[in-house]
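Below is one structure, written out as structure tokens, with a few remarks after it.
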Amino acid sequence: MRPTKSDDDALVDLVDAVLRTGAVVEADVVITVADVPLVGLKLRAALAGMKTMTEHGVFEEWDEAHRLGNSEASGERVE
Amino acid sequence: MTETAFDEGRYLYCVAPDGDESLSTTGLDDEPVRLVREAGLTAVVHDCGSLYDSDSATRIRRWILAHQSVVDDAGEAFGTPLPFQFDTVIRGDDDAVRSWLDAESERLTDHLDALAERWEYRVEVVWDEDAARDELEATDADLRALAERRNEADEGTRFLLTKRYETRLDRLLDEQRRAEAADLADRLGGEATELVDLGDRSRAGLDIGDADENVDVLARFAVLATDDEREAVGLLLDDVAADPGIEVRFTGPWPPYTFTPELDGGTDASDEV
């Protein structure tokens, strides 16, 4: 069996890998969306894995604030 | 909390061992990709003035594909790179990147050496849970005894026996899944440099394509492997997939995202990596 890079399953793995893993640097000089809940809010909300992350309590605080702001500002459907 | 506003920054795709190779490619939003070299290392970057954020799944998907494509190109040019997470930005100009590379050079080099010639693969094994359930119901003596008692019991007792039956069935099924996953992990791990059990961790997805999420996942792994090891893993997966109730998905090669360590500020003296 040879690995594939081109089908939909591969694409799902790729998105997961790029968003969830990869080197994370904690240095004053570096900003990353992973560890700073104040950035990439819209991006995170667009992710299907969002709900699970929230269930694990990782993003609870900012998530609550964000959903509130989001629904007030645009009247978007909040799941 | 980190201040997120900045005037000048460098979006960081990956760090690779330095070489004579050049890289001609474009990144997110067709930004020209450049190399910043220092201390035997190459950082693959583009100039940026803000973080990338959008609520459009299509846009994010385009960015992610662009991010991956740059890391792929860098891998082809320089060998296995240390891929960075999406939206990692170094605040400042090229000098800031150089001093960061310099400060982190020992650790970055160690990690690159450990990953050299190795790539990440993802393995997902899907099983027929209904068939496994049927088999347990047919073969487990305790379940059959419970079923017999249930059939002869009055209504109240029947309810309790049904509960006990379902609880036992669920437990047996879970035990079987775990045992088979552990066995797979052992066998795959024996062929690869390293294996990480991704377990039940749900994936960060973007509702992409036709990827079927409604399947019973027996196990999911990330595997770090050389080309030879990849061949061995592929052969082993052929065996696994020979079982008619089993479906195997094997993707890659990816840059070693899962096997890339977290790098802290570099000031922790107790760090033993």
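Numbers restart at 1 for each chain; the letters A, B, ... are given by sequence-line order, proteins then strands.
With sequence neighbours excluded, no residue satisfies side chain to side chain donor-acceptor pair (under 3.5 Å) with Glu247(B).
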Enumerate, atom names and distances included, each donor-acceptor pair closer than 3.5 Å involving a side-chain atom of residues 229-242 of chain B, sequence neighbours excluded.
| unit_1 | atom_1 | unit_2 | atom_2 | d |
| --- | --- | --- | --- | --- |
| Glu229(B) | OE1 | Thr193(B) | N | 3.3 |
| Glu229(B) | OE1 | Thr193(B) | OG1 | 2.6 |
| Glu229(B) | OE1 | Thr226(B) | N | 2.8 |
| Glu229(B) | OE1 | Thr226(B) | OG1 | 3.4 |
| Glu229(B) | OE2 | Thr193(B) | OG1 | 3.3 |
| Asp238(B) | OD1 | Met1(A) | N | 3.0 |
| Asp238(B) | OD2 | Met1(A) | N | 2.7 |

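Taking both residues in full, the closest heavy atoms of Gly252(B) and Pro3(A) are given as O-CB, 3.8 Å, listed atom of the first, atom of the second, then distance.
Shown here is Glu8(B), whose CD atom has more than 12 heavy atoms of other residues, nucleotides or ligands within 6.0 Å.
Interface check for chain A: of the options Trp254(B), Tyr121(B), Phe259(B), the most heavy-atom pairs under 4.5 Å are formed by Trp254(B).
At a 4.5 Å heavy-atom cutoff, Pro256(B) makes no contact with chain A through either its backbone or its side chain.
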